[in-house]
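Since the structure is predicted, the reported quantities are computational estimates derived from the model, not experimental observations. Along the sequence shown, residues carry numbers from 1. All heavy atoms count here, side chains included; hydrogens, waters and symmetry mates do not.
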Amino acid sequence: MKLTSQMIKDRARELGIDCIAIGNIERFKNAPALMSPITYFPEAKSVIAIGMRIPRGTYRGIEEGTHWHNYTFYSYNKLNSFLRPRLSYELACFIEDNGWEAVLHYPGVPEGNGMQDPVAEGKPPRDVTCSVRVIAAGCGLGEIGFSKVFLTKEFGPRVRLGLIFTDCELEPDPILETGEICLHCGACERECPGNAVPSVKDESKRLYVDFAGEKTVWYGDVRMGRCTLSHHGMNNECSPFLKKEFPNMAFDVRESEMTEEEAYILTYTLARAQWWRKPDSHKALEYYDYILKHTGYFAICGARGCIRACMNMLEKTGRIENKFHNKFYRKESWLLPNKPETVSKGVNPYREEYLDKKYPGIRENEYVMTESEKESGK
């Protein structure tokens with residue numbers, strides 16, 4: 001029996017996959033070699049993109065400023081690396097049960113690809129990794145929103161993606177026009193705590209993708225260094241954990257020119273850092289170390305602009321199908337001041353707190369000149 005697109009979609013629904021769309025391989029013939037499904041699987045005829053919803057409630061803890069684990073676990077890392085791949089695996093098995101090869105695409109990112117030498121002459125550098133958002137858009141699963149977050153008609157920005165390449169020739173779905181879902185309203189730009197999203201009015205800040213002449217789509221040229229700094233907790237405005245441990249830092253992410261890779265290096269190094277003079281755990285940022293050990297990831301900003309603000313606008317305007325009885329925003333969202341409320345006059349806050357509590361008065365004049373010293377000019 002011939003395997004059809006409808007058969008694959010029906011099986012996907014049976015498995016619990018929320019969204020699915022299919023593109024023909026010709027749409028990706030002009031993709032960069034290190035991001036191309038053709039490089040990955042030269043005999044591929046079709047690309048299948050699937051999406052699994054992010055439950056809206058996983059953002060509630062961060063929105064209320066009370067709980068961070070759910071976003072990292074259910075919205076991000078485990079949804080991307082365990083919950084969704086399990087169903088991708090089942091769908092790939094269904095395709096192979098029908099006699100066609102199914103190549104599951106690892107849910108990685110292309111930022112570090114090509115940094116491994118080829119295995120043989122004539123081969124491209126390793127490691128080929130596709131942009132799941134671009135490929136999913138080329139399959140017609142949804143569109144890349146202005147903030148670069150992927151949007152579907154069913155769930156808006158609340159979705160994580162997976163890809164399967166197959167040598168079975170399947171009927172493709174149409175590619176969506178830019179703006180079929182995204183309002184280009186600027187909510188993501190206004191609410192991003194890292195000032196990472198450019199102005200929707202600035203046409204010079206748009207990136208274009210051409211799907212082999214069939215359709216051209218575009219989205220915003222997001223400052224990914226600022227995005228990564230905020231997402232991974234290096235932004236005092238949206239990370240109470242950084243604010244607690246480094247109250248005097250006041251690093252202005254909004255004006256940072258750091259690259260994405262530099263931001264990764266800084267945030268992960270800091271998250272794993274230790275300082276021997278710090279009491280108790282000696283971890284520079286105790287919560288980051290804790291959540292990394294428990295989930296393998298740490299997502300701190302809670303996608304304040306690119307997902308939460310976007311989701312709110314799409315729900316208000318009826319642009320997405322998954323509807324709720326109550327609105328998401330019930331009060332103004334919080335942000336912390338970047339500047340310290342009081343500037344420390346000390347050097348080692350852990351030492352100073354310890355001594356002031358245990359031996360009151362022992363640090364008198366440590367950082368303040370006496371009147372006689374002032375008069376003598378010392």
Ring pair (Phe, Tyr, Trp, His ring centres under 6.0 Å) against Y59, all qualifying residues, sequence neighbours excluded: Y71

Check ring pair (Phe, Tyr, Trp, His ring centres under 6.0 Å) between H69 and all other residues, then give those that pass, not counting sequence neighbours. H67, Y287, Y290

Search all heavy atoms of [X] against all heavy atoms of [Y] and return the closest pair with its distance.
{"X": "L336", "Y": "P240", "value": "CD1-CA, 3.7 Å"}
{"X": "D167", "Y": "E101", "value": "OD1-N, 2.9 Å"}
{"X": "A12", "Y": "I20", "value": "CB-CD1, 3.8 Å"}

Measuring only between side-chain heavy atoms, which start at C-beta, is [X] closer than 4.5 Å to [Y]?
{"X": "L242", "Y": "M249", "answer": "yes"}
{"X": "L183", "Y": "L314", "answer": "yes"}
{"X": "I95", "Y": "I164", "answer": "yes"}
{"X": "E191", "Y": "R308", "answer": "no"}
{"X": "C168", "Y": "I8", "answer": "no"}
{"X": "F28", "Y": "I135", "answer": "yes"}
{"X": "F211", "Y": "V134", "answer": "yes"}
{"X": "K339", "Y": "N236", "answer": "no"}

Can [X] and [Y] be counted as an ion pair, charged N to O under 4.0 angstrom?
{"X": "R60", "Y": "E64", "result": "yes"}
{"X": "E315", "Y": "R56", "result": "yes"}
{"X": "R254", "Y": "E237", "result": "yes"}
{"X": "D117", "Y": "R126", "result": "no"}

For residues [X] and [Y], is any side-chain donor paired with an opposing acceptor at under 3.5 Å?
{"X": "S88", "Y": "R84", "value": "yes"}
{"X": "T58", "Y": "Y76", "value": "no"}
{"X": "E63", "Y": "S333", "value": "yes"}
{"X": "E352", "Y": "N348", "value": "no"}

Between [X] (side chain only) and [Y] (backbone N and O only), is there a donor and an acceptor less than 3.5 Å apart?
{"X": "R226", "Y": "M258", "answer": "no"}
{"X": "E189", "Y": "V197", "answer": "no"}
{"X": "S75", "Y": "I54", "answer": "no"}
{"X": "E143", "Y": "E180", "answer": "yes"}
{"X": "D173", "Y": "G140", "answer": "no"}
{"X": "E286", "Y": "K283", "answer": "no"}
{"X": "R304", "Y": "C301", "answer": "no"}
{"X": "K215", "Y": "A212", "answer": "no"}
{"X": "S5", "Y": "E171", "answer": "yes"}

Report whether [X] and [Y] are members of the same hydrophobic cluster (ILVMFWY, side-chain heavy atoms less than 4.5 Å apart, transitive linking).
{"X": "V222", "Y": "I300", "result": "no"}
{"X": "I22", "Y": "L104", "result": "yes"}
{"X": "W100", "Y": "F94", "result": "yes"}
{"X": "L83", "Y": "I50", "result": "yes"}

Only counting residues at least two apart or in another chain, list the ones meeting side-chain contact (heavy atoms from CB on, under 4.5 Å) with [X].
{"X": "T295", "answer": "T72, F73, I291, Y297"}
{"X": "C93", "answer": "Y89"}
{"X": "E43", "answer": "F41"}
{"X": "V132", "answer": "H105, L161, L163"}

Between N235 and S230, is the side chain to side chain donor-acceptor pair (under 3.5 Å) condition met? List the steps. CA-CA 5 Å; N235 188 330; S230 298; 2.9 Å; yes

Provide the full list of side chain to side chain donor-acceptor pair (under 3.5 Å) pairs with a residue in residues 27-37, sequence neighbours left out, each pair given once. R27-E214

For residues 264-279, the side chain to side chain donor-acceptor pair (under 3.5 Å) pairs (sequence neighbours left out) are E245-K278

For the CG atom of N24 and the CG atom of L170, what is their distance to the nearest 0.5 Å? 10.0 Å

About how many Å separate CE of M234 and CG of L270, when rounded to the nearest 0.5 Å? 5.5 Å

Please enumerate all residues that pass side-chain hydrogen bond (donor to acceptor under 3.5 Å, both in side chains) together with [X], with sequence neighbours excluded.
{"X": "D18", "result": "R53"}
{"X": "D252", "result": "none"}
{"X": "D202", "result": "S204"}
{"X": "K243", "result": "none"}

Run the numbers on F146 and Y219 for ring pair (Phe, Tyr, Trp, His ring centres under 6.0 Å), then give the verdict. CA-CA 4 Å; F146 186 74; Y219 50 92; 8.7 Å; no

Are F298 and W68 an aromatic pair by the rule of ring centers under 6.0 Å? no

